[in-house]
Amino acid sequence: MLLSQLNYFRVAARQEHISRAAEELHIAQPALSVTIRKIEEELGVPLFERNGRHIELNENGKALFMYVDYIFEQLTEMEIALTKTREILENEFTLAVSNSTFLNGWLQQFILQNPEIHLRQKMLSEEQMIIALMDGSIDVALSEFGDIPPEIIRKDIVEDEYVITIPIEHPLAKKEKIYFEDIRHEDIIALSSNAIVKIADRIFSQKDCKPNIVFEGNQRMMAKMVRSNRGLLFDSRQMVYMNYLRFKEHTTGTKDSYHVVVQTIADLNCRCHLSLCWKKSGALSIAAQKFIQTMERDYPNYTMDKEYREKKAVYLMIG
């Protein structure tokens, strides 16, 4: 017995009139009559007392109606529950970053502007991100990716470069250009992320040399180490820019900041890209798609900020 047949029976029982029931169901009256007869034949008992087109449930019909009504109530509740589940799934996604500074301030703004979205954020190395994208444990990844497998879609957000951040009092801060020999023996401060360490190694390997990394830690501690003149900060220009935006937004003076010079290493290839990645064969939720679209449209990009590009020295946020 089909659900559609049971629905025909239910409407007819409620209307107690074949023509009105057929009109509600948008079918011809003879088709409804045939369907009810088929149900009665299948069950082997009559369901209605008939008086012309007027019908009334008998005891068999009343018993069936009780069960049918319960079935449709459960179906309605199921549809409501599935709709809510689908809305939750469409409004949530998992994002992985190799460095939280990439989204410093911007992510908070995105979440506040999209309160329906449920976001889980993870900190992973680039190698871990690729594995997680492939096995579906994350939806979107943001980092300075090197090579990626063909199963992964890559969308470049910023054409970036690696730079050296120098304390304003350091002798190198006065130089117009910084070359590899200037920093070969300098102490280097870098993030603890595996990805960043490998990038520093890769950049320095262009001169068959390894960086003398004396501190690895979070962005705040890195800034404090630079302020203490413990070393030069190896970072990407976009991350320096995000720190600069944070300074502009939150600092009223120089108490929690420090003046630094940002320089490219002139004789090394320091070009890179800040990129979003996701699995080619995966079905992204509406929330994940919105995040990607918003990143493409609204993410702050130092190459588009004329005021910043004209600055040689900027404030590094400490707190």
Side-chain angles (χ1 to χ4, degrees), residues 1-96 107-122 132-141 153 278-294:
M1 195 176 301
L2 301 176
L3 276 175
S4 59
Q5 293 176 312
L6 292 178
N7 186 46
Y8 286 4
F9 162 77
R10 186 171 69 120
V11 173
R14 191 173 61 246
Q15 289 285 359
E16 295 187 333
H17 196 280
I18 290 293
S19 296
R20 288 198 297 267
E23 183 177 348
E24 179 179 335
L25 292 165
H26 303 291
I27 61 173
Q29 179 268 323
L32 177 57
S33 298
V34 169
T35 299
I36 291 174
R37 279 200 301 272
K38 286 182 178 179
I39 295 173
E40 290 177 323
E41 290 172 1
E42 186 172 341
L43 294 175
V45 293
L47 300 172
F48 293 96
E49 300 292 340
R50 292 171 172 81
N51 183 12
R53 292 185 179 179
H54 179 78
I55 55 177
E56 185 178 348
L57 288 173
N58 59 22
E59 292 304 315
N60 299 324
K62 290 176 182 178
L64 178 61
F65 182 80
M66 181 179 64
Y67 288 111
V68 170
D69 209 39
Y70 176 77
I71 289 171
F72 279 94
E73 284 179 2
Q74 294 302 302
L75 287 173
T76 300
E77 290 183 12
M78 179 189 70
E79 289 174 359
I80 293 171
L82 289 176
T83 298
K84 289 181 179 178
T85 300
R86 184 168 60 250
E87 289 174 353
I88 291 172
L89 292 174
E90 288 297 333
N91 285 323
E92 68 178 24
F93 73 104
T94 301
L95 167 71
L107 184 60
Q108 178 182 351
Q109 181 180 344
F110 173 80
I111 293 172
L112 291 175
Q113 291 176 349
N114 299 276
E116 78 284 359
I117 288 179
H118 304 276
L119 169 63
R120 293 182 297 272
Q121 181 179 318
K122 296 183 178 182
L133 286 171
M134 295 299 294
D135 67 23
S137 55
I138 65 172
D139 301 298
V140 183
I153 295 174
W278 60 94
K279 191 175 180 181
K280 188 178 296 184
S281 61
L284 288 175
S285 68
I286 291 175
Q289 295 178 47
K290 186 169 187 178
F291 176 79
I292 293 170
Q293 293 165 359
T294 308

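This one's a predicted model, so the numbers in the text were calculated from it and none came from an experiment.
With rounding to the nearest 0.5 angstrom, the CZ atom of Arg37 is 13.0 Å from the CG atom of Leu47. Remark: Glu73 CD to Glu77 CD distance equals 7.0 Å, nearest 0.5 Å. Annotation: the span from Lys279 atom NZ to Met134 atom CE amounts to 5.0 Å, rounded to 0.5 Å. Here the OH-CD distance, from Tyr8 to Glu24, works out to 12.0 Å after rounding to the nearest 0.5 Å. The CD1 atom of Ile39 sits 9.5 Å away from the CG atom of Leu2 when rounded to the nearest 0.5 Å. Taking CG of Leu57 as the start and CG of Leu64 as the end, the distance is 8.5 Å to the nearest 0.5 Å.
Glu16 and His54 make their closest contact through O-ND1, 3.1 Å (heavy atoms, listed as atom of the first residue, atom of the second, distance). When all heavy atoms of Val140 and Ala288 are compared, the closest pair comes out as CG2-CB, 4.1 Å. Taking every heavy atom of both residues into account, Lys290 and Asn114 meet most closely at NZ-OD1, 2.5 Å. Between Ala21 and Ala12 the shortest heavy-atom distance is CB-CA, 3.7 Å. Here the closest heavy-atom approach between residue Leu133 and residue Ala141 is recorded as CD1-CB, 4.0 Å. When all heavy atoms of Asn58 and Asn60 are compared, the pair lying nearest together is OD1-N, 3.0 Å.
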Step by step, work out the side chain to side chain contact (heavy atoms under 4.5 Å, CB included) result for Ile55 and Glu49. CA-CA 6 Å; Ile55 55 177; Glu49 300 292 340; over 6 Å; no

List the steps and the verdict of side chain to side chain contact (heavy atoms under 4.5 Å, CB included) for Glu92 and Leu119. CA-CA 6 Å; Glu92 68 178 24; Leu119 169 63; over 6 Å; no

What verdict does the side chain to side chain contact (heavy atoms under 4.5 Å, CB included) test give for Ile138 and Leu95, after you've listed the backbone C-alpha separation in whole Å, the side-chain angles of each residue and the deciding distance to 0.1 Å? CA-CA 6 Å; Ile138 65 172; Leu95 167 71; over 6 Å; no

Pair Asp139-Trp278, side chain to side chain contact (heavy atoms under 4.5 Å, CB included): steps then yes or no: CA-CA 6 Å; Asp139 301 298; Trp278 60 94; over 6 Å; no

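Counting only heavy atoms from C-beta outward, the side chains of Gln121 and Leu107 approach each other to under 4.5 Å.
Ring geometry for Phe93 against Phe110 counts as perpendicular: the plane angle is over 60°, on a 0 to 90° scale with 30° as the lower cut.
A salt bridge is defined here as a Lys NZ or Arg NE, NH1 or NH2 lying under 4.0 Å from an Asp or Glu carboxylate O, and Glu40 with Arg50 meets this definition.
In this structure, Arg10 fails the cation-pi test against Phe65, since its NZ or CZ atom is not both closer than 6.0 Å to the six-membered ring centre and inside 45 degrees of the ring normal.
Counting heavy atoms of neighbouring residues, nucleotides and ligands inside a 6.0 Å radius, atom CD of Gln108 does not exceed 12 of them. A 6.0 Å sphere centred on CD of Glu23 holds no more than 12 heavy atoms belonging to other residues, nucleotides or ligands.
Side chain of Glu90 to backbone of Ile286: a donor-acceptor contact under 3.5 angstrom is found. The closest donor-acceptor contact from the side chain of Gln5 to the backbone of Thr35 lies at 3.5 Å or more, if one exists at all.
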Side-chain donor-acceptor pairs of residues 25-34 under 3.5 Å, sequence neighbours excluded:
from, atom 1, to, atom 2, distance (Å)
Gln29, NE2, Ser33, OG, 2.9
Ser33, OG, Gln29, O, 3.3

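The aromatic ring centroids of Phe48 and Phe9 lie less than 6.0 Å from each other.
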